[in-house]
Amino acid sequence: MTLVAVHNEGPSLLEGYRAIAGDAGLGALEALARRLRGHRVVMVNSTATGGGVAEILHRLVPLLNELGVPTTWEVMPGDERFYAITKTIHNALHGRPGSLTASERDHFLDVNRHAAGALALDGDLILIHDPQPVALANWRRRPGQRWVWRCHIDLSQADHAVWDFLMPHVARHDAAVFSHVSFVPELAIPAYLAPPSIDPLSEKNRELEEPEVEELLAPLALPRDTPLVTQISRFDRLKDPVGVVDAFRLVRRRERAHLVLAGGTAEDDPEGEAVLGEVRERAAGRRDVSVLLLPPDAHRTINALQRHSMVVVQKSLREGFALTISEALWKRRAVVAGAVGGIPLQVIHERTGLLVRSVEGCAFQITRLLRDAGLRRRLGHAGHTHVRGHFLHPREARDYLAIFARLAPEPAARAAEYSPAPPE
Amino acid sequence: MSEPDGFEVRTVVHLIRPWGEPVSDLEDLHAAVAAAPAEVLFYHTLQVQLRDPAASELPIDDVSAWVGGVIQDFETAERISYSVQNESGSADQVRNAMLTVLDSLALSERSSRRAPAECVLQLLVAESIPVPIGLTARDGEQLVTALTSADPGIWFYHVIEQPWFGHGAFPLAEWLQAVREARLAGWVRESASPGHPLERSRERLRRRWRRSRLARRIAEAEAVPEDERRRVGREVVARLLKRATSPGNEP
């Protein structure tokens, strides 16, 4: 098993959030944490690095511990074939063509069965993230435990066959959580809505002074006096990096700018390399485009890139949420983003950013922003306020604790109901 | 006669779930409003206040926002918005107010005013999770401090949500009455009446309460020995002088 060690040895996260975002949202969070004293939370996902979920858990787990709710994070073990299968599942749930053979289904379940034996799962409140570990509940549910499935994926156009395969496993949970109302399928268990969030204190989002930004960007050899247009995300076809290059070519007919496509690949994403190749091919020969493959820990570099960008783009074709948008809005950047998935929750068109549905629309809005400093300022300011109210970690932690408080028995009743037992 | 118990102060978190079929025209909306449980109407008309508690104006309810912004039926949107703001004392009042507006349109009009496929209205239901904040108020002062603290959820739960679902009961005002804070109870009841932004209502109560305490504070000050009063007076004058002669105050 892989138990991810996450500690916060620095200053109090809670006090940090209080200093940045005020007391308003923290009272309820602290009250819920007191209500859940005596319970133990276990988070489970399929990767410790890369992608938004791992990033959230790296901060949410220490936050919950600081609040007095003991929380651990376990990564389920898997093999290469398993990750290829879960990538197919991921894409099919997002609406791309794809299906699973009987053998692939069996392998998916075998890996879950094996993981069920290997993971500790020694809490009474279990939060399973995304489809990879969705079948664990079949083999490891104990009396008194409450299991919640947290889906970060847009299921609004999910492939029926793939969803029908997963649904019985989802139904073994006590509740499910989705980022947006349009993602919620028909389910026999309660389906709650809770968008994900960013950490304003993390290396990726904290304030940076201008000299620090320059120092961090120096090794990237980007032009100094040219406005940057940036998309930061995994090299994934659903993020449409090739479409961004095409939009940027249209922008360059009218405006001077430099495009940066920066991202990494997640451990559980076998397609990343191929997509990176496609992007490099599309941008070949262009000196006004930089394609940067960043390591998973390049958080400060990403911070500096976002802060230094005049326009941040997230031209996704399908999207669970796209936390890069909240990151950019938090830094008061002007954002152009695809009107898909959870993006419209963050980008309210013409108020906190600009929504687009095509290469041409993307080019038009980037051009508009490059030309209008007042518009950039207005959208950036409103975006920052919007994120502070809705998309910071304390709010997400509060939502999870509220769901657990709804599902979990009061401590006295729990003592009689739940007793940890070794896996079968 | 025994003293009443203290009042357990709570804040609230709302868990949100989808409810019913998506609404795509005003006839769908009519049917949905008629059938919706109180928790759905609560979420779309009242809970909007808690989503932006610092708003200087009362936030627009979700239903009229959709009718105006998506259906582009501005007249109906205005009328729903007005009726929701003025008839929002209970679920039945809100429901009747909205149905009255929608009933004034012919069935054919309601059916023809449609949203594009990607802009249908999915109604949501709010499940309330009230959570004790660890304070049991013993008097009006403690209660007002909690109600006007940083967490707007405390105010929202006790002043707006509890009476809305209470079928005439108003636990907070009733407790204040029992501890002989009748005037404060009246102000709290007044604050629950519709049409005021949350933060403004809180600020108003805070000011009223402070003013009402002025006489009591003066009476308490009179009981302080003369020497102590002089010392406090000297400190106040010194602070005023310092402020008046600081560089920022120079002409």
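The analysis underlying the following values was restricted to heavy atoms, covering all of them including side chains, and did not include hydrogens, waters or symmetry mates.
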Practice problem: Check each atom of Arg34(A) against the heavy atoms of chain B and say whether the ones under 4.5 Å are side chain, backbone, both or neither. | Solution: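 Answer is side chain: those atoms of Arg34(A) sit under 4.5 Å from chain B.
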
Quiz prompt | Contacting region of Ala28(A) [heavy-atom separation from chain B under 4.5 Å] | solution =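 Looking at Ala28(A), backbone and side chain both touch chain B.
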
[atom1]/[X]: more than 12 non-hydrogen atoms of other groups inside 6.0 Å:
X	atom1	result
Arg206(B)	CZ	yes
Arg378(A)	CZ	yes
Tyr82(B)	OH	no
Arg351(A)	CZ	no

Which of [range] get closer than 4.5 angstrom to chain A, counting heavy atoms alone?
range	value
residues 12-49 of chain B	Val13(B), Leu15(B), Ile16(B), Arg17(B), Pro18(B)
residues 114-153 of chain B	Glu118(B), Gln122(B), Leu124(B), Glu127(B), Ile129(B), Val131(B), Pro132(B), Ile133(B), Gly134(B), Ala150(B), Asp151(B), Pro152(B)
residues 52-72 of chain B	none

In residues 379-387 of chain A, what donor-acceptor pairs under 3.5 Å come from side-chain atoms, sequence neighbours left out?
residue: His384(A); atom: ND1; partner: Trp330(A); partner atom: O; Å: 2.7
residue: His384(A); atom: NE2; partner: Arg332(A); partner atom: NH2; Å: 3.3
residue: Thr385(A); atom: OG1; partner: His381(A); partner atom: O; Å: 3.1
residue: His386(A); atom: NE2; partner: Leu345(A); partner atom: O; Å: 2.8

